[in-house]
Number of protein chains: 2
Amino acid sequence: MDETPPEHLKSAGLKSTLPRLKILDLFKSGSERHMSAEEVYKQLLAVGENVGLATVYRVLTQFQQAGLLVRHNFEGGKSVFELNEGTHHDHIVCLQCGHVEEFYDSAIESRQKKVAAELGFEIHDHSLQIYANCTKTKCPNKR
Amino acid sequence: MDETPPEHLKSAGLKSTLPRLKILDLFKSGSERHMSAEEVYKQLLAVGENVGLATVYRVLTQFQQAGLLVRHNFEGGKSVFELNEGTHHDHIVCLQCGHVEEFYDSAIESRQKKVAAELGFEIHDHSLQIYANCTKTKCPNKR
DNA sequence: ATGCAAATGAGAACGATTACCATTCGCATG
DNA sequence: CATGCGAATGGTAATCGTTCTCATTTGCAT
């Protein structure tokens with residue numbers, strides 16, 4: 001049902017090393033879907049894994065280039081990564097608790113293509129974040 | 001036709017000092033519409049103005065808080081600022097030459113509101129950039 | 001003209017990220 | 001299974017953008 005991890009790495013031209021497997025696993029089975037390098041590093045430490053911070057940064061970048069992860073630059077200066085599951089989506093970030101929710105709106109997507117075309121551009125990528133406040137009770141963890 | 005600069009500053013609770021006037025002027029009459037702190041700093045140096053980099057950062061942030069400037073976090077890790085002329089717009093950035101073009105699409109705007117509402121969020125702000133390549137000849141300056 | 005709080009400038013400090021480099025590891029080979 | 005080589009690692013120094021500190025200067029009300 002699921003490809004064995006090492007295959008992912010091999011096909012990306014990356015040796016299947018311990019740190020890389022650990023990090024990939026963290027994204028696949030960890031509790032957090034969106035993680036910064038620092039968070040990944042801490043999670044690994046918490047499980048007693050000895051992985052250098054430099055390696056975390058390197059591996060995250062490699063995974064991103066290999067298409068395994070997607071990198072986002074939210075406000076706050078740090079990059080966060082998430083597993084690339086092929087389905088594009090944008091993000092809405094709660095300014096209070098930092099909670100991230102994903103959404104996809106085909107109308108927005110198609111309008112973007114139209115806008116770019118009208119201006120004579122060829123879309124390579126785009127980045128849309130909505131910064132907002134949870135109005136529901138589902139915003140428990142204060143920042 | 002145009003308010004005298006010092007009034008802008010006063011009403012924002014800011015003394016009209018030389019550095020602040022210089023920087024504001026740079027945005028109002030300078031050639032570049034989108035500038036990073038570093039760029040502002042260099043422009044001032046180029047004109048022989050002696051303004052500290054720390055002051056540039058401080059003033060840019062103050063202007064942003066006062067609503068005179070808008071801050072954007074494009075890819076690349078540095079913030080860029082532009083004059084706030086009241087009209088919201090998003091940006092399309094050329095990946096080759098770094099040229100920034102502005103656009104506004106009411107359909108995208110309204111869909112965002114709808115999406116946020118459906119998810120139980122109160123929009124505070126949003127950030128949309130399209131990263132693309134100029135297809136026209138208007139992309140002269142390589143990055 | 002005078003005084004004081006606010007603003008400035010130079011450089012130190014900072015957080016996120018990258019570079020460097022000696023050591024270790026994955027893996028193909030005999 | 002021992003060996004070897006290049007890729008990967010990890011600790012630390014370095015870098016980059018930005019903020020902080022603090023002694024000095026400035027704007028401006030008096």
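Naming: A, B, ... by sequence-line order, numbering from 1 per chain. Note that the structure is predicted; figures quoted are calculated from it, not measured.
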note = Note: chain A reaches DNA chain D at heavy-atom distances under 4.0 Å over the stretch, first to last nt, 5' to 3', of D/dG6 to D/dT12
request  = Answer yes if A/Ile123 and B/Tyr104 sit in the same cluster of Ile, Leu, Val, Met, Phe, Trp and Tyr residues linked by side chain heavy atoms under 4.5 Å apart, and no otherwise.
outcome  = no
request  = Show the numbers, then the answer: is there a ring pair (Phe, Tyr, Trp, His ring centres under 6.0 Å) between A/Phe74 and A/His91?
outcome  = CA-CA 9 Å; A/Phe74 296 160; A/His91 297 85; 5.4 Å; yes
ask   = Think B/Lys15 has a side-chain N or O under 4.0 angstrom from the OP1 or OP2 of C/dA7?
value = no
ask   = Are A/Ser110 and A/Gln112 close enough that a side-chain donor and a side-chain acceptor fall under 3.5 Å?
value = no
message = Whether A/Ser79 contacts C/dT17 is assessed here as follows: a side-chain N or O lying under 4.0 Å from the phosphate OP1 or OP2. Is that the case?
response = yes
message = Is it the case that the side chains of A/His88 and A/Glu102 hold a donor-acceptor pair, with the cut-off being a distance below 3.5 Å and no angle test?
response = no
key: Donor-acceptor pair present, B/Arg58 side chain and C/dG9 base, under 3.5 Å   = yes
Heavy-atom side-chain contact between B/Asp90 and B/Gln129 under 4.5 Å = no
request  = Rounded off to whole Å, could you give me the NZ-to-C1' distance for the A/Lys78 and C/dT17 pair?
outcome  = 12 Å
ask   = After noting the C-alpha distance and the side-chain angles of A/Arg111 and A/Glu118, does the key distance pass the salt bridge (Lys or Arg N to Asp or Glu O under 4.0 Å) rule?
value = CA-CA 10 Å; A/Arg111 292 297 304 182; A/Glu118 279 169 5; 5.8 Å; no
message = Show, in sequence, the C-alpha distance, side-chain angles and deciding distance for A/Glu101 and A/His99, and conclude whether the side-chain hydrogen bond (donor to acceptor under 3.5 Å, both in side chains) test is met.
response = CA-CA 7 Å; A/Glu101 206 140 334; A/His99 174 68; 3.2 Å; yes
message = Categorize A/Thr17 for me: base, sugar-phosphate, or nothing, with a 4.0 angstrom heavy-atom threshold over every strand shown.
response = sugar-phosphate
message = If I take atom CD in residue B/Glu75 and atom P in nucleotide C/dT17, what distance separates them, rounded to the nearest angstrom?
response = 14 Å
key: Nucleotide C/dG26, atom P - distance to NZ of A/Lys10 in whole Å   = 13 Å
query = Nearest nucleotide by nearest heavy atom, which residue falls closer to the 5' end of DNA chain D, B/Asn73 or A/Pro19?
reply = A/Pro19
task = Could you check whether the rings of A/His89 and A/His72 sit parallel, tilted or perpendicular, using 30° and 60° as the cut-offs?
result = tilted
task = Check each residue of residues 35-54 of chain A for a non-hydrogen atom within less than 4.0 Å of any atom in DNA chain D, then write out the ones that pass by number, or none.
result = A/Asn50, A/Val51, A/Gly52, A/Ala54
key: Axis bend over the full length of the helix from C/dA1-D/dT30 to C/dG30-D/dC1, computed from five pairs that close each end, to 10 degrees   = 20°
query = Can you name the one residue among B/Val70, B/Asn84, B/Leu69 that meets side chain to side chain contact (heavy atoms under 4.5 Å, CB included) with B/Phe63?
reply = B/Leu69
ask   = Counting only heavy atoms not in B/Glu122, do more than 12 sit closer than 6.0 Å to its CD atom?
value = no
request  = Decide salt bridge (Lys or Arg N to Asp or Glu O under 4.0 Å) for A/Lys78 and A/Glu39; before the verdict, give the C-alpha distance in whole Å, the side-chain angles of both, and the deciding distance to 0.1 Å.
outcome  = CA-CA 11 Å; A/Lys78 48 177 61 174; A/Glu39 283 163 350; over 6 Å; no
inquiry  = Just N and O in the side chain of B/Ser16: are any of them under 4.0 Å from OP1 or OP2 of C/dA7?
reply    = no
key: Between P of C/dT8 and CD of B/Gln62, the distance in whole Å   = 7 Å
